[in-house]
Each structure stands twice: as structure tokens, then as C-alpha cells.
Amino acid sequence: MTFKPKSEFLKIMLERGFVADCTDYAGLDEALENGGMPAYIGFDATAKSLHVGSLIQIMMLRWLQKTGGKPITLMGGGTTKVGDPSFRADERPLLTTEQIDANIAGIKQVFSAYLTYGDGPSDALMINNAEWLDELNYLEFLRDIGRHFSVNRMLSFESVKSRLDREQSLSFLEFNYMILQAYDFLELHQRYGCMLQMGGSDQMGNIINGLDLTRRACNGRVFGLTSPLLTTSDGKKMGKSQNGAVWLNADMLSAYEFWQFWRNTTDADVGRFLKLYTELPIDECDRLGALQGSEINTAKVILANQVTTLLHGAEAAAAAQDTARQVFEQGGIGDDLPTVTLTADDIGDGISINQLIIKAGLVKSGKEAKRLIAENGAKLNDAPLSSPGLMVTADMLENPIKLSAGKKRHALIVLA
């Protein structure tokens, strides 16, 4: 790209690889130069925690605040009741209001680690779109807002078109999602002067709808900026691990497991992830990402420490590194390993090693456990497991035991 931004925020976004597309680079850059721009990203409350796939958007909001902008984290208390159909093969399960409120309460825990909330010019705002969506009058909404939307154009957006091309049902409920999200932008612009919506590149159609509505309804000067949908260098979707989603909430994924996820980054992704998920200078990210052989492991530890410190704090990052050192370098049992606590009733006369491996979260089924043992990938207290029929009794758990799957995944089993 030949465009050279003047604003610090857009310069950082482009240099560090945050940008997939922008509706108007020059216009956005000029508006950012005026300072204090309010910008938002929406987060639907489909689970009690966001996962690593959302971290790129959270970092965009953090950089916005660090460069003088005003971040708005919009909780989708209203839109979650409909469900975003973008690039999905089927309709999302409908959640109750109580489930959505509980999910929002869980999601809110993460943002305070990255953003400063308050009443200052660049302090972040946290807003729930249920404030206005729950109060809408259907006929007034159709008359005042619906008339600004072309169904022909909405059908042309890739997120909808791909679903229809596969002859998969798209309910009228889901079809309304993009109108409601567009209305969010209008409300935020009118209430808080919001000028920019950011999101993943799969949201560009929804963002453009919001821009068009805001311009038509109140002649607002607004912009859209999208980030790339990240996959790792081996083609896997960002945010997934061997054991499932990499959650951001500590009660759903421990700081150690979070640290270990980043420590296990493939060599080819280290430099890119340092730029996106840490605040290290660009030159240092490039230097660390270019390391070869065993030296790249040093860069991976730095990546894991930096990302974990931002989310969980420096103390948690140091404890995770110390646990990893004990487990991997010294063959010991680290204090911070994921732990499964069993009672005597859980064990009874004995519990099979297969069940323990499943309970530890190292595999998802008995079939996988048997395969892991058969392929010499399972260990008990660092000794290879050879028998899938081994029964573990309460006596054997007088001291904690360590289960391992391969070289990188471990868990402790303790008796209450």
C-alpha cells in the first residue's frame, strides 16, 4: 500500500498488520488527526468468555486509547437475541435474556485488563445495545429505519450470499441482524459522537450498512476499519487449540494454559503474533521473529510472557513460565499446572486411567485415550503408560500424580 498515514493510530494499525480493509483511508486519517475519536467494536454474548480469536479486536481498542482515541466496547445484549448469521451454515441457538446477561457479566471481566474505563476524554465506555434495541417500536423502526435498506444489496453481501448459494436456510430473524447492527452505529453516533466501527473482515458488509444508514439518517461522517481473520501458518483457525477454544477468562482457562498456548506458537507465526498481540517495538518483533533453530524458543517465551502479562498480570506470567520450566526442563510438577480434584466417591474402588486422561482434559473420548496410550504419547509421572486397563485407586493418589499427553500438555490429579 502506498498510502502513508499521518495519524499515530492508523500508522500503528498498518505497520503491525491489523488492517484488512478500510472504507476511506484518507478520510479516516484526517479525522483521527483531530484527536479523541470515539470508535467501537461490538461483542455478542454467545458465551461466558471471549476467546483468543477476539484478542486482535481488543488490541485495536487498546491501541486506539493509547493514541488518544475513545474506545467503546459494545455488548450485544440485544443483537445476541437474534444471532449473527455471517458465514454460518445454520442458525445460532437462541439464548434467554438470563443467559445473555450472565454471558455479558463474564465477558466484561477481560476488558479492564486492556482498557481504562471512566469519564475522561479518552476513557473507554462499555455500553449494552439492549438499551435501545429492547425499546424499539416495530412499526416505527420499519418506517424510520427499514426504508433506508435495499434487500437487493443485502442479498449481495458475501456473508448472506454464501449461505443462500449453498441452499441453506436463512431465517427472517437472522436476516434482521444486519439491520440491527447498522442501527447500533447510528445510535452510537448520535449518542456519543462515534465515528468509526472496527471488526473482523467478515463484518465488512454489516459495517457498510451502518455507515450508509448513519450517513442517510443524519449525514454523519463515519468510517469502517476491518482486521484480517487470522489463521495460523499451518492453516488452523486462530483461537483454537488441541483441547478446544482458548478462552480469555481465567475461570475457563488457567493462566498457565493460556501461557502455554502462546509458547507453542509455530516458528513461522512468532514475528506476526508479536506485532499483533504485544506492544514490543516493531524492530524487536522483527528481530525475534527472524531467530532460527533453538533460538526461536526464546522468542516464544517472550511472546507468551508479554501476552499473558497483558491479560493476567506479570505475576501470573512469571508463575506460568516457572511451572513450564519445572515441567519441561526439570521433569518436576509445577505449582501452576491445570489440576483436577477428585473425591473418594469419584474414585470408588478404582477409576480407569482412560477416564482420568479424559477428566484431565487431555483427550475428549475413551477412544482417543486408548490411541494416545497405544502410540506411547501418554505418561504417568513422566513414565510412559503402557496399559489402557490400568486402574487408579485412592491409595495411589496420596500424592498428586501428573498425567501427560505428548511433551506439551500436562495436568495434575489430586485427591480432595
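Nothing here was measured: the structure is a model prediction, and the numbers come from that model.
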Q | Worked verdict on Asn103 versus Gln99 for side chain to side chain donor-acceptor pair (under 3.5 Å) | A | CA-CA 6 Å; Asn103 288 348; Gln99 288 173 316; over 6 Å; no

Can [X] and [Y] be counted as an ion pair, charged N to O under 4.0 angstrom?
X      : Y      : answer
Lys48  : Asp251 : no
Glu257 : Arg263 : no
Arg62  : Glu279 : yes
Lys11  : Glu8   : no

Under 3.5 Å side-chain donor-acceptor pair for [X] and [Y]:
X      : Y      : result
Asp322 : Tyr256 : no
Asn305 : Trp262 : no
Asp269 : Thr266 : yes
Thr226 : Asp21  : no

**Q.** Worked check of side chain to side chain donor-acceptor pair (under 3.5 Å) between Thr298 and Glu295
**A.** CA-CA 6 Å; Thr298 300; Glu295 288 186 335; over 6 Å; no

Would you say the side chain of [Y] lies within less than 4.5 Å of the side chain of [X], judging by non-hydrogen atoms?
X      : Y      : answer
Ile56  : Phe273 : no
Leu310 : Gln306 : no
Leu225 : Met60  : yes

Q. Can the ring centres of Tyr117 and Phe111 be said to be less than 6.0 Å apart?
A. no

Q: Enumerate the residue pairs fulfilling ring pair (Phe, Tyr, Trp, His ring centres under 6.0 Å) with a member in residues 283-317, sequence neighbours excluded, ordered by first and then second residue.
A: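 Residue pairs with at least one partner in residues 283-317: Phe258-His312.
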
Q: Mind telling me whether Phe141 and Tyr183 have parallel, tilted or perpendicular rings, with 30° and 60° as the class edges?
A: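 Ring orientation of Tyr183 relative to Phe141: perpendicular.
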
Q: Give the C-alpha distance, both sets of side-chain angles, the deciding distance and a yes or no for side chain to side chain donor-acceptor pair (under 3.5 Å) between Gln203 and Asn206.
A: CA-CA 5 Å; Gln203 294 297 315; Asn206 291 333; 2.9 Å; yes

**Q.** Residues Thr79, Gln181; criterion side chain to side chain donor-acceptor pair (under 3.5 Å); working and verdict
**A.** CA-CA 7 Å; Thr79 43; Gln181 184 172 321; over 6 Å; no

